[in-house]
Amino acid sequence: MCGIVGYSGNKQAAAILIDSLKRLEYRGYDSAGIAVFDNNGMEVYKEKGRIVELEKDLPEISGFIGIGHTRWATHGKPNKINAHPHASGSIAVVHNGIIENYQELKEKLSRSGYEFVSETDTEALAHLIKYYYRDNLIDAVISALKDIKGSYAIAVLSGSELVAARKDSPLIIGLGEGENFIASDIPAILKYTRKIIFLDDMEIASVSKDNVIFYDTDKNPIEKKVSVIDWNLEAAEKSGYEHFMLKEIHEQPRALHETFAGRISELEGKITIDGLNMTEAQIMDTSRISIIACGTSYNAGFLGKYLFEELSGIHVDVEIASEFRYSHSIPGSLVIVISQSGETADTLAALREAKSSGCRTLAITNVMGSTITREVENVIYTRSGPEIGVAATKTFISQLGVLYLLVLYFGKCKGKLSQERMSRILIAMKQIPSHITRLLNTKDAIKKFAETVSSSSDVFFIGRTLNYPIALEGALKLKEISYIHAEGYAAGELKHGPLALITKLTPVVAIATKGLTYDKVVNNIKEVKAREAPVLAIADEKDSEIEKYVDEVIRVPTTEDILSPILSTVVVQLLSYYIAKARNCPIDQPRNLAKSVTVE
Ligand code: AGP
C-alpha cells in the first residue's frame, strides 16, 4: 500500500506534490520521490525515508506538471534506487499495487535491450510503456496495461502528458480551477478541492490543467460522476471510519488479496513463495520447527503449529519470545519468527539466541527493511500495508495468510498433502477475501451483542484445536482496547478450573464452526449455559442447530473447515472493537501500550 499523487495546473507542481504526499504517509513511508516536467525536460528526485528526507535536499524545481509517490515496499528493499518514480527515457511512473508477472515482463524487455536498475516490479511497467510509446502516452499506457497481471493504481508522466489508471488499487481525480489532481486517497487533495471523481477498475484518465478525459481500456470515452467530499482531514485519513482500527479491519480483504497475489495459482494447484530460499531437500529434512513471537503474532504462530502438524506432519514448538530466550533451541530445527513491525526486542533477542545454536531462520513480517529482515535467511512479507492502530488486525490476518501458504507448501514437499486437497484448499483460500467482505457487511448482530455485554468485567473466549488460538486472539484484542479482563481458553479445559468463574455475569464467545471437534464445543457451550452465562456462538452459515444452545449466533460464510479460523478472527476483532466503542475507549491508542515494543 503506497500513496501516489499527480498534478497539472498553473502552480509550481513540486510544492503541491510534496504537500499531498505528506497527507498520504499513513499509506507508506519508507521512501519517496517526485518527477516534474518543464520545458527543460523532466527532473526526478527520490530519497529513502519519510517525505521530509526528500524535501530537505530538494532544489528549486520549476514545472507545472508532475507526479509523486510515498512507498510501502513490497518488491525491493526501501532505498533510493527502488523508490518511485521509475523512469524509462522521458517516461516516469508511480505505482501502488503489485505486478504479479513482472519477472516475465522483465525477461521480455531485457531481451529488447531495456536495462533494469531496481529490484521493483514497477520498473517493468515504465519500460513497457516506453516499449509501446509511439506518439501519445494514452495509447502506450493502454497497450502496456494489457500485458499486466496484478493490481495497480498508476500515474504516468511524459513531457506535458499525464495519464492515470487503476485496477484493484484505489485512485481518485480531483477537479480544481485551472488545475487537476491525481491521488490514491482523499486526504492528499482535500486542501485543494472537494470535487472528486472516483476512478473504477480498468478506467484511464488523461489529465491536463484544463480538463480530464476518461476512457475505458479500448479508449472509448466514458462519463464520470463528480462527488463533493464534506469530510475534515482527520476523517479523510481514516477514509471516513471513526478509528484506524475499524478502517484496518475493513482493509483485510485487500490485505489478504495482496498477500496471496502472485503466490497462489489455484488453476495449477501450485504455490510460489518469494523470500523462501529453502530447497525441497531442505524442507524434506525439516523435522522440527520452533515458531517464536509475541502477542498477536504469537497467536498467529500458535495457529501455524496446528496447521503444520495437520498438513505437513512436522512437529512444531510455539514459543513466547520473552520466554524462549532462556530455554534452548534445538539445533537443526527451523526457527520461524513472526513480527509485524520486525522490531520487537524480545523476538529479535530470541532470534539471535536461535541463530547462535545454528538453527535455520525464517521471518514473517510486514515491514520491509526492518531489523528482523536483516538477521534471517528467509523473509516472507505479509502485504498488509502500514498498520496505524496499536491493536493488530490486518497484519494478523495476513500472517495467517502467509502461514497457510507456507504450511501447504511444506505439506506438498513432504508428500503429506495430496494435490487434490491442496487444490481444493487453494481455490477456497482465493475466496476468503470476498467472504470477509460479506462478513463485514453483516456486522449489526455483532454490534448488538457487543452493546449487551459492554458493561461486563470478565469475558471468556473458547474454541478447540484451530480455533483455540483465535479464542486467545479475541481475548487479547478485547483486553487491549476495552480494558475488560478477557481470557481465551481451549474449550475442553474449562471444566478443569475456569468453569468456577462462569456466571450469568461472564459472557462467553464460543467459536463453533464446523470441524472435527464441533460436537465437543457444543457440549462445552451447554456447560457454560448451565451456569447461565450469556453465550455468543460463531458458527457456519448453514448450521441450523447451534441457535438452540446460545443467545446470539454470528454466522460466517461456509469454507474449508481448516480455513474458518480466518473468518472467526474478523468476528472477534469486530466484537472487541464495538465493545470498546460502547465503553468510549481510546481505541487506536490504548493506555500503556505501544505499536512496536522495542524494549525488553
Ligand atoms: C497486538 O495487537 C499488540 N499490538 C501486540 O501484542 C503485538 O502483537 C506484539 O507486541 C508483537 O508485535 P510484532 O508483531 O510487531 O512483533
Side-chain angles (χ1 to χ4, degrees), residues 30 72 243-249 251-252 255 259 291-304 318-325 335-352 354 361-376 379-403 461 469-484 486 488 569-570 572-577 579-580 585-600:
D30 61 38
W72 182 261
H243 295 98
F244 276 110
M245 181 181 177
L246 188 63
K247 177 182 176 230
E248 286 153 5
I249 289 173
E251 286 175 347
Q252 296 186 115
T259 298
I291 300 180
I292 307 170
C294 304
T296 283
S297 295
Y298 171 88
N299 294 334
F302 195 10
L303 178 65
V318 61
E319 312 268 0
I320 293 171
S322 53
E323 287 300 310
F324 178 79
R325 341 206 0 223
V335 164
I336 300 178
V337 283
I338 306 179
S339 173
Q340 81 85 15
S341 62
E343 303 295 349
T344 300
D346 282 325
T347 307
L348 284 168
L351 170 63
R352 291 163 190 153
T361 55
L362 183 156
I364 298 175
T365 187
N366 193 48
V367 182
M368 200 166 264
S370 57
T371 305
I372 218 165
T373 64
R374 296 194 290 277
E375 302 198 13
V376 288
V379 185
I380 305 174
Y381 290 102
T382 54
R383 298 179 181 145
S384 317
E387 188 169 66
I388 313 288
V390 167
T393 53
K394 62 178 181 174
T395 53
F396 177 69
I397 283 259
S398 298
Q399 285 167 353
L400 299 188
V402 166
L403 283 163
F461 291 76
I470 308 306
L472 290 174
E473 179 57 12
L476 177 60
K477 286 281 104 52
L478 191 59
K479 276 183 272 212
E480 278 188 273
I481 61 173
S482 75
Y483 312 151
I484 290 177
T569 296
V570 178
V572 296
Q573 292 169 339
L574 286 168
L575 187 63
S576 309
Y577 174 81
I579 292 174
C585 294
I587 289 170
D588 282 340
Q589 278 91 27
R591 68 186 182 209
N592 310 340
L593 298 181
K595 181 65 188 164
S596 179
V597 184
T598 53
V599 293
E600 289 171 46

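Atoms within a ligand are numbered from 1 in the order they appear, just like the ligands themselves.
Using a 4.5 Å heavy-atom threshold, the side chains of L476 and T296 count as touching.
Looking at atom 3 (C) of ligand 1, its nearest protein heavy atom turns out to be E480 OE2, 3.2 Å. In terms of protein heavy-atom proximity, atom 11 (C) of ligand 1 is nearest to C294 O, 3.4 Å. For atom 10 (O) of ligand 1, the closest non-hydrogen atom of the protein is V597 CG2, 3.8 Å. In terms of protein heavy atoms, atom 12 (O) of ligand 1 is closest to T344 OG1, 3.5 Å. Of the protein's non-hydrogen atoms, the one nearest atom 1 (C) of ligand 1 is T296 OG1, 3.1 Å. Ranking the protein heavy atoms by distance from atom 15 (O) of ligand 1 puts S341 OG, 2.6 Å first.
If you run side chain to side chain contact (heavy atoms under 4.5 Å, CB included) between T393 and each of Q252, E251, K247, only Q252 comes through. Each of D346, T344, I292 was evaluated against S322; a single residue qualifies, D346, per the side chain to side chain contact (heavy atoms under 4.5 Å, CB included) test.
At least one N/O-N/O distance between V390 and ligand 1 falls below 3.5 Å. Among the atoms of S339, some N or O lies under 3.5 angstrom from an N or O of ligand 1. No N or O atom of K595 sits closer than 3.5 Å to an N or O atom of ligand 1.
For the pair E387 and K595, the salt-bridge criterion is met [side-chain N within less than 4.0 Å of a carboxylate O].
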Q399 and S297: side-chain hydrogen bond (donor to acceptor under 3.5 Å, both in side chains), yes or no, with the steps?
-> CA-CA 8 Å; Q399 285 167 353; S297 295; 3.0 Å; yes

Does the pair V337 and T361 meet the rule for a side chain to side chain contact (heavy atoms under 4.5 Å, CB included), with working shown?
-> CA-CA 8 Å; V337 283; T361 55; over 6 Å; no

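The minimum heavy-atom distance between T382 and V402, with the atom names listed, is CG2-CG2, 3.9 Å. Closest approach of E343 and T598 over heavy atoms only: O-CG2, 3.5 Å.
Listed by atom number, the atoms of ligand 1 under 4.0 Å from S297 heavy atoms are 8 (O), 13 (P), 14 (O). Every atom of ligand 1 with a heavy atom of A392 under 4.0 Å away is listed here by number and element: 1 (C), 2 (O). Taking every heavy atom of A391 and a limit of under 4.0 angstrom, the matching atoms of ligand 1 come to 2 (O).
Within the 4.0 Å heavy-atom criterion, the part of K477 lying near ligand 1 is the side chain and not the backbone.
Here the CZ atom belonging to F396 is positioned 9.5 Å from the CD1 atom belonging to I338, to the nearest 0.5 angstrom.
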